[in-house]
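Here's the structure we're looking at; comments come further down.
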Amino acid sequence: MRLSQMLFVTLRDDPADAEIPSHKLLLRAGYIRRIGSGIYAYLPLMWRVLQKVSQIVREEMNATGAQECLLPQLQPADLWKESGRWDTYTKAEGIMFSLIDRREQQLGLGPTHEEVITAIARDMIRSYRQLPLNLYQIQTKFRDEIRPRFGLMRGREFIMKDAYSFHTDEASLKETYQDMYQAYSNILRRSGLAFRAVEADSGAIGGSGSTEFMILAEAGEDEVLYTEDGKYAANVEKAVSLPIDAETSRFTTYEKRDTPGTETIEKVCQLLNCSPTQLVKNVLYQTVYDNGTTVLVLVSIRGDQEVNEVKLQNELTKLASEYGAKTIISLNVPNVEAQQAWTTKSLPLGYIAPDIADEYITANKQIHSKFLRLVDRTAVDLKNFVTGANEAGYHVVGANWGEQFKLPERVVDIRKSRPGDRAIHNPEQILQSARGVEAGHIFQLGTKYSQAMGATYTNEQGEEKPLFMGCFGVGVSRLAQAAVEQSYDKDGIIWPVAIAPYHAIVTIPNIKDAQQIEIAQKLYTELNQAGIETLLDDRDERAGVKFKDADLIGIPYRIVTGRAIANGKVEVVERATRKSQEIAIDEVTTTLHKWITQAIE
C-alpha cells in the first residue's frame with residue numbers, strides 16, 4: 001500500500017482524553033478514531049492488526065477441533081431470565097444494553113453468549129454420541145461500562161472470540177479446558193507477547209474454576225500476585241495467602257477505654273500503643289438481593305487486613321437462597337444517608353463491636369431484621385484483642401471470643417491478599433506483584449446454565465442428564481491494544497512482527513530523486529511478491545517527517561533508499577532495537593524474509 005493513497009493522518013500531540021500510553025499512541029498514529037464515549041472506529045492500519053490477531057486465534061482454535069459459527073448480537077430477554085442473569089446484567093452490574101422493540105419485547109445487546117449457545121444446544125444436542133462439542137465465534141460485543149476508558153481496553157463496543165463447549169461429564173470438560181489453556185498460551189506466544197496465566201474469580205459468568213491470561217504491562221488494570229518459583233499466580237481478586245503473624249497482645253485484662261477521635265485503625269493503635277494485628281475491626285456492608293431484600297452484613301477482620309469485596313460478594317451470593325433470592329444487585333458500605341433508610345438510631349461508626357445489637361435495624365419487610373455476622377479467619381485466633389465498644393469515643397481491650405464476644409458462626413476467607421504475604425503452597429515463597437491486562441479468560445461452567453435452561457443429553461443408559469459446559473474468551477481488540485501497552489518507546493509503537501499491520505515500510509527520503517523512487521518502487525514490488533507485507537512512503541514530505549511517522553506507527557523494519565544507494569545498498573532499521581545496517585539492494589528481500597520468519601516462529 002502507498003501511504004500517499006492511504007487514509008493516514010497522524011497527530012503531533014497526545015489527545016486530551018487519552019490516559020495511558022497505548023491509547024495515546026493508537027490515536028496519534030491513526031489506528032483508531034473516537035466516535036463517542038467508549039466507541040471507536042478501527043481504521044485501516046488497526047483493522048489489519050485485528051485481522052492478524054483473529055487469524056492466529058482461528059488457527060489455534062481450529063487446531064483443537066473447535067468449530068466456528070456466528071451468533072446473534074441481539075438476544076431475547078427471556079433467555080437471560082431463564083438463566084437468572086437478566087437482573088444481574090441489567091440492574092446489578094448494569095452492563096447490558098437493553099431495549100424494547102416495536103412488538104413490546106425486551107431484548108439485549110450481547111455482552112456474552114452463554115444463554116444463546118445453551119438454547120441452541122438444548123434444541124440440537126440429543127445424544128452422548130454428539131459430544132464433546134466446542135463452538136466459537138469472533139464477534140462484536142457490547143457492554144455499557146460505567147466509565148469507558150483507556151480506549152479499546154474498556155470500551156462499550158469491542159471484538160471478542162468466545163467459545164462454548166459441551167460435555168457428558170466433568171472429566172471431558174477438564175480435557176477441553178486444558179486444550180484451551182494450551183491454545184490460549186499459543187495465541188499469546190505467537191502474538192509475540194509476554195503473559196502470565198493466573199487463577200481468577202469467575203464473576204457473573206460463574207462456574208467452578210477459571211484462569212485469566214494476563215498480558216504483562218505497567219498500566220494494566222489488574223494486579224497479579226505470584227511466586228518466583230512459578231508454582232502460584234492469581235488475580236488479586238482471587239489470590240489466597242498467609243498474612244504476617246499477629247503480634248502478641250500487650251493487654252491481659254478486659255476493660256473499656258476512653259478513645260476519643262479514633263475512628264481509624266491508625267489513630268486507635270497510636271493512642272493505645274498497640275499493633276493493628278491485635279485489633280478486630282468491624283466493617284458494615286449493605287447488600288441488596290434480586291428480590292428486593294436488603295441484608296446488613298457485619299464483617300469482623302484483623303485490623304491490618306482489608307476486605308476483598310469480590311470474595312465477600314461470592315460468599316453472600318452463596319447465601320442468596322436463605323433470603324429467597326438468586327443473586328446480588330448491589331453491595332456497598334452504606335453512607336449516613338443510606339443508613340437512614342433502615343437504622344432506628346445513629347450507629348457508632350468507627351467504634352462498632354462484633355456484637356452490635358440487631359435493634360439498630362428498623363422493622364421492615366424489605367430489610368432483614370438481623371445483622372449477618374461474618375468473621376474472617378485472620379480474626380478467629382486473636383487473644384486479648386482490641387475492638388469497638390459500640391459507643392462513640394470508646395474501645396475495649398483484652399477481649400476474647402467465647403468470653404466477651406460470641407464468635408460468629410460463619411468463618412470465611414475474605415481478606416485481600418497482598419505483596420509480601422507468604423504463599424500457602426510454600427510459606428518460604430513471598431508473593432510478588434505485577435500489573436497485567438486481561439486478554440483471555442477460560443471457565444469451567446459445569447451445569448450452571450444447562451440445568452437452569454433445561455439443556456440435556458441422553459447417556460448410554462438412556463438417562464437424561466444435564467450438559468457440562470465450558471466457556472473460553474479472548475478479547476481480540478483488547479489484546480491488540482495491550483500489545484502496544486507492553487511494547488512502545490518515546491517515539492511510538494513497537495509492534496511484535498506477527499501482528500504488525502505491515503512487516504516493512506520503504507521510505508523515500510527525497511521524492512524528487514528519480515533513482516530513489518525507482519529503487520524504492522522496485523523493492524516495494526519485490527517484497528510484496530515475496531509475501532512480505534510492505535508499505536511505500538511516497539508522500540511529498542520531508543525525510544524527518546517520514547522517519548517520525550514510521551517510528552510512530554511501529555512497522556518492524558524500515559528500508560530507506562537514501563545515500564547508500566550510490567553503493568548499491570539501502571539502510572534497513574529494525575524498529576524494536578533501532579539497529580541500523582546497510583544491505584545490498586539485491587539481498588534485502590531474502591534478508592527480511594529470514595528475519596521475519598525467525599521473529600514469528
Side-chain angles (χ1 to χ4, degrees), residues 10-11 13-43 45-47 49-50 53 88-98 108-112 139-162 193 195 198 200-201 203-205 212-224 235-237 308-310 313 330-332 433-441 473-488 492-493 495 552 554:
T10 58
L11 305 176
D13 300 316
D14 292 334
D17 64 335
E19 299 170 83
I20 59 175
S22 58
H23 188 196
K24 295 174 184 177
L25 289 170
L26 288 174
L27 285 167
R28 281 188 55 210
Y31 279 83
I32 60 176
R33 196 79 173 182
R34 185 179 182 273
I35 303 302
S37 176
I39 304 170
Y40 290 85
Y42 309 120
L43 300 177
L45 286 173
M46 193 68 198
W47 187 241
V49 174
L50 295 173
V53 175
T88 301
Y89 271 76
T90 58
K91 295 179 183 177
E93 295 194 15
I95 62 173
M96 181 185 277
F97 287 101
S98 59
L109 286 176
T112 183
Q139 164 79 284
T140 298
K141 301 292 182 85
F142 303 89
R143 295 188 183 180
D144 192 6
E145 294 284 354
I146 295 174
R147 187 186 171 198
R149 58 196 307 216
F150 305 150
L152 308 183
M153 295 285 203
R154 190 166 289 279
R156 296 199 291 168
E157 179 181 301
F158 54 96
I159 299 173
M160 183 175 175
K161 187 284 299 180
D162 50 330
L193 301 171
F195 69 96
V198 304
D201 181 72
I205 300 294
E212 283 176 338
F213 291 80
M214 293 285 190
I215 296 174
L216 302 179
E218 284 301 314
E221 284 190 281
D222 292 290
E223 182 180 7
V224 174
N235 189 308
V236 70
E237 294 179 345
N308 181 326
E309 294 188 1
V310 173
Q313 179 156 329
S330 67
L331 173 68
N332 54 58
S433 176
R435 306 296 306 180
V437 177
E438 180 192 347
H441 204 157
V474 166
V476 172
S477 49
R478 174 178 271 226
L479 186 156
Q481 182 171 329
V484 178
E485 195 62 45
Q486 187 176 91
S487 186
Y488 65 90
I493 298 167
W495 285 111
L552 179 60

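Atoms considered below: every heavy atom in the structure, side chains included; atoms not considered: hydrogens, waters and symmetry mates. What you see is a predicted model, and the numbers here were worked out from it, not measured in a lab.
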With sequence neighbours excluded, what pairs up with [X] under the side-chain hydrogen bond (donor to acceptor under 3.5 Å, both in side chains) test?
X      : result
Glu218 : none
Thr10  : Asp549
Glu438 : His441
Ser433 : Glu223

Where is the tightest heavy-atom contact between [X] and [Y], given as atom of each residue plus distance?
X      : Y      : result
Gly155 : Glu145 : O-CG, 3.7 Å
Pro148 : Gly38  : CB-CA, 3.6 Å
Ala41  : Ile35  : N-CG1, 3.9 Å
Met46  : Ala480 : CE-CB, 3.5 Å
Phe158 : Tyr42  : CA-OH, 3.9 Å

Hey, does [Y] have a side-chain heavy atom less than 4.5 Å from the side chain of [X]?
X      : Y      : answer
Leu193 : Leu479 : yes
Asn235 : Met214 : yes
Asp222 : Val437 : no
Met153 : Ser22  : yes
Leu50  : Ile159 : yes
Arg33  : Leu43  : yes
Tyr31  : Gln481 : no

- Task: For Ile32 and Leu152, run side-chain contact (heavy atoms from CB on, under 4.5 Å): C-alpha distance rounded to whole Å, both residues' side-chain angles, the deciding distance at 0.1 Å, then the answer.
- Result: CA-CA 9 Å; Ile32 60 176; Leu152 308 183; 4.2 Å; yes

Side chain to side chain contact (heavy atoms under 4.5 Å, CB included) involving [X] - partner list, sequence neighbours excluded:
X      : result
Ile95  : Tyr89, Glu93, Arg143
Tyr488 : Pro21, Leu25, Glu485
Gln313 : Thr317, Ile328, Leu331
Ser98  : Trp86, Thr90

- Task: Fit a plane to each ring of His23 and Tyr40, take the angle between them on a 0 to 90° scale, and name the class: parallel (under 30°), tilted (30 to 60°) or perpendicular (over 60°).
- Result: perpendicular

- ring pair (Phe, Tyr, Trp, His ring centres under 6.0 Å) partners for Phe213, two or more places apart: Tyr181, Tyr184

- Please check if the side chain of Gln486 supplies one atom and the backbone of Leu216 the other of a donor-acceptor pair under 3.5 Å. yes

- Would one find more than 12 heavy atoms of other residues, nucleotides or ligands at under 6.0 Å from atom CD1 of Ile146? no

- Query: In chain order, what residues pass the salt bridge (Lys or Arg N to Asp or Glu O under 4.0 Å) check against Lys141, with sequence neighbours excluded?
  - Reply: Asp162

- Looking at residues at least two apart in the chain, or sitting in another chain, which of them share a salt bridge (Lys or Arg N to Asp or Glu O under 4.0 Å) with Arg156? Asp144

- Task: List the steps, then state whether side-chain contact (heavy atoms from CB on, under 4.5 Å) holds for Glu221 with Arg154.
- Result: CA-CA 10 Å; Glu221 284 190 281; Arg154 190 166 289 279; 3.1 Å; yes

For residues 13-20, run the donor-acceptor check on the side chains, cut-off 3.5 Å, and write out each pair with its distance to 0.1 Å, sequence neighbours left out.
residue	atom	partner	partner atom	Å
Asp17	OD2	Arg34	NE	3.3
Glu19	OE1	Arg149	NH2	3.2

